[in-house]
Amino acid sequence: MSQSDTTGNHTTGKESNVRLHESWKSRLAKEFEREYMLNLKKFLREEIRRGKKIFPRGDQYFAALDRTPFERVRVVILGQDPYHGRGQAHGLSFSVPYGVGLPPSLVNIFKELKDDLGLEPPKHGCLEGWAKQGVLLLNAVLTVEEGRAASHQGHGWEQFTDAIIHRLNEERDGIAFVLWGSYAQRKAAFVDRKKHFVLESPHPSPLSAHRGFFGSRPFSRVNAFLRSRGQEPIDWGRFDA
């Protein structure tokens, strides 16, 4: 599946190759050929033709998969949609590029990180350091129109990301799935809890964080699980790639 070239932080109409790690490309090749994915591609091209600004850039649609190869996934943090403000989305759930102000949910994630592990938050919101350690920062929907939250829901991305989660559930063992909010919990309800660790809490959004996200200690609990499996814990204080 080719994607659109990019200028600045939004997609334009020229063709370029997507960036997708080979470990995922080989497993998802058939998904790219399915009707829903072809329809999604047409939808995105039409939106671009109409002058819509689509986030993230075309070469960052699959950034989460590119940064975290299939065999290295140890944790999945499942988000819903990319940020829809200019300059915010770069293909990793909850993360923003260097130099971009922190969205409220990320502020709360860093607050819980400090309360949980005593780690001071960084001066930026880029979580690539987590992704490089095996934390798959996956959104359910991988694109959005500028200024229109949830505008690309229902166009096929959900089926594609379901396929990703199914692959991990079936082919891997001992992954920690971090499901913040009811949307993520419904999406990953099929995950085999005999094989994997599933951690559920309210979403870190300011609308819900005080209903149980704060105090849920997700970072220490994930690391306790990984240690119980003989794995290295995640260095949650490592943010730089």
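Predicted, not measured: the structure shown is a model, and the values here were computed from it. Residues take their numbers from the sequence shown, with the count starting at 1.
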Path from I48 to W157 over hydrophobic side-chain contacts below 4.5 Å
yes
Looking only at heavy atoms, the pair that brings P104 and P206 closest together is CB-CG, 3.4 Å
Just by distance, do the side chain of R227 and the backbone of P233 share a donor-acceptor pair under 3.5 Å?
no
If I take atom CD from residue Q80 and atom CG from residue N139, how far apart are they, to the nearest 0.5 angstrom?
8.5 Å
Considering only NZ, NE, NH1 and NH2 on the basic side and carboxylate oxygens on the acidic side, decide whether E146 and K52 come within less than 4.0 Å.
no
Passing candidate, side-chain contact (heavy atoms from CB on, under 4.5 Å) with V178, options V198, V135, L78, V75:
V75
Please determine which of K41, H155, E31, E158 meets the side chain to side chain donor-acceptor pair (under 3.5 Å) test together with Y36.
E31
Between L92 and Y183, is there shared hydrophobic-cluster membership here, with clusters defined by ILVMFWY side-chain heavy atoms closer than 4.5 Å?
no
Will you find, in the side chains of S23 and H21, an N or O donor that is under 3.5 Å from an N or O acceptor?
yes
Report the distance from atom CD1 of I175 to atom CG of D192, rounding to the nearest 0.5 Å.
11.5 Å
Treating Q185 as the side-chain partner and L179 as the backbone partner, does any N or O pair qualify as donor plus acceptor under 3.5 Å?
yes
In sequence, state the C-alpha distance, the side-chain angles, and the governing distance for Y61 and F55, and then conclude on ring-ring contact (aromatic ring centres under 6.0 Å, His included).
CA-CA 8 Å; Y61 289 176; F55 299 147; over 10 Å; no
So which atom in S208 and which in P202 form the shortest heavy-atom distance, rounded to 0.1 Å?
O-CB, 3.7 Å
If we ignore hydrogens and angles and just use 3.5 Å, is the side chain of D116 paired with the main-chain N or O of G215 as donor and acceptor?
no
Separation between CG (L199) and CZ (R217), nearest 0.5 Å, reads 12.0 Å
Ignoring hydrogens and angles, tell me if any N or O in the side chain of T68 forms a donor-acceptor pair with the backbone of L65 under 3.5 Å.
no
A side-chain contact here means heavy atoms from C-beta on lying under 4.5 Å apart; do R67 and L137 qualify?
no
Scan for side chain to side chain donor-acceptor pair (under 3.5 Å) pairs involving residues 92-109, sequence neighbours excluded, and state none if there are none.
H90-S95, Y98-D240
Is R238 reaching over with its side chain to a backbone N or O of I234, donor-acceptor style, under 3.5 angstrom?
no
From F94, F213, W180, residue fulfilling ring-ring contact (aromatic ring centres under 6.0 Å, His included) relative to H203
F94
Exercise: identify the closest heavy-atom pair between V144 and S151:
CG2-OG, 3.5 Å
If you compare all heavy atoms of K25 against all heavy atoms of L20, which two are closest, and at what distance to 0.1 Å?
CE-O, 3.5 Å
Would you say E120 and K114 make side-chain contact, with heavy atoms under 4.5 Å?
yes
Strictly under 6.0 Å, is that where the ring centroids of W24 and F62 end up?
no
Report the distance from atom NZ of K123 to atom CG of L102, rounding to the nearest 0.5 Å.
12.5 Å
What's the shortest heavy-atom distance between F239 and H124, and which atoms?
CB-CE1, 3.7 Å
If we only count heavy atoms from C-beta on, is the L28 to F70 side-chain gap below 4.5 Å?
no
Anything under 30° is parallel, anything over 60° is perpendicular, the rest tilted; go ahead and classify F225 against F197.
parallel
Please answer: with hydrophobic residues joined when any side-chain heavy atoms are less than 4.5 Å apart, are M37 and F43 in the same cluster?
yes
Output for pair (R72 CZ, K132 NZ), nearest 0.5 Å, gives 8.0 Å
Checking D115 now: which residues fulfil salt bridge (Lys or Arg N to Asp or Glu O under 4.0 Å) with it, not counting sequence neighbours?
K111
Look at the side-chain heavy atoms of Ile, Leu, Val, Met, Phe, Trp and Tyr, link any pair under 4.5 Å apart, and say whether L138 and V73 land in one connected group.
yes
E35 CD: over 12 foreign heavy atoms closer than 6.0 Å:
no
Taking atom CD of Q153 as the centre, does the number of heavy atoms from other residues, nucleotides or ligands within less than 6.0 Å exceed 12?
yes
Spell out, as yes or no, whether a donor-acceptor pair under 3.5 Å connects the side chain of E170 to the backbone of R167.
no
Working to the nearest 0.5 angstrom, can you tell me the gap between K30 NZ and E33 CD?
8.5 Å
Audit row: I164, V76, side-chain contact (heavy atoms from CB on, under 4.5 Å) steps and yes/no:
CA-CA 11 Å; I164 292 168; V76 177; over 6 Å; no
Ion pair check, D66 and R19, cut-off under 4.0 Å:
no
Stepwise, does the side-chain contact (heavy atoms from CB on, under 4.5 Å) test hold for L106 with F110?
CA-CA 6 Å; L106 187 54; F110 285 161; 3.9 Å; yes
Measure the shortest side-chain to side-chain distance between L226 and R74 over non-hydrogen atoms and say whether it is less than 4.5 angstrom.
yes
Any side-chain heavy atom of V96 sitting closer than 4.5 Å to one from P103?
yes
Heavy-atom closest pair (D162 atom, K187 atom, distance to 0.1 Å) is OD1-NZ, 2.5 Å
Is any side-chain heavy atom of E112 closer than 4.5 Å to a side-chain heavy atom of F219?
yes
Using a strict 4.0 Å threshold on nitrogen-to-oxygen distance, state whether E145 and K53 make a salt bridge.
no
Can you sort out the partners of E71 under salt bridge (Lys or Arg N to Asp or Glu O under 4.0 Å), two or more places apart, ordered by chain and number?
R27
With the 4.5 Å side-chain cut-off for hydrophobic clustering, are L136 and L127 part of the same group?
no
Please check if atom NZ in K195 has more than 12 non-hydrogen atoms from other residues, nucleotides or ligands closer than 6.0 Å.
yes
Is there a side-chain contact between V100 and Y83, using heavy atoms and a 4.5 Å cut-off?
no
Are H152 and T143 linked by a side-chain donor-acceptor pair shorter than 3.5 Å?
yes
Do F177 and I77 come within less than 4.5 Å of each other through their side chains, counting heavy atoms only?
no
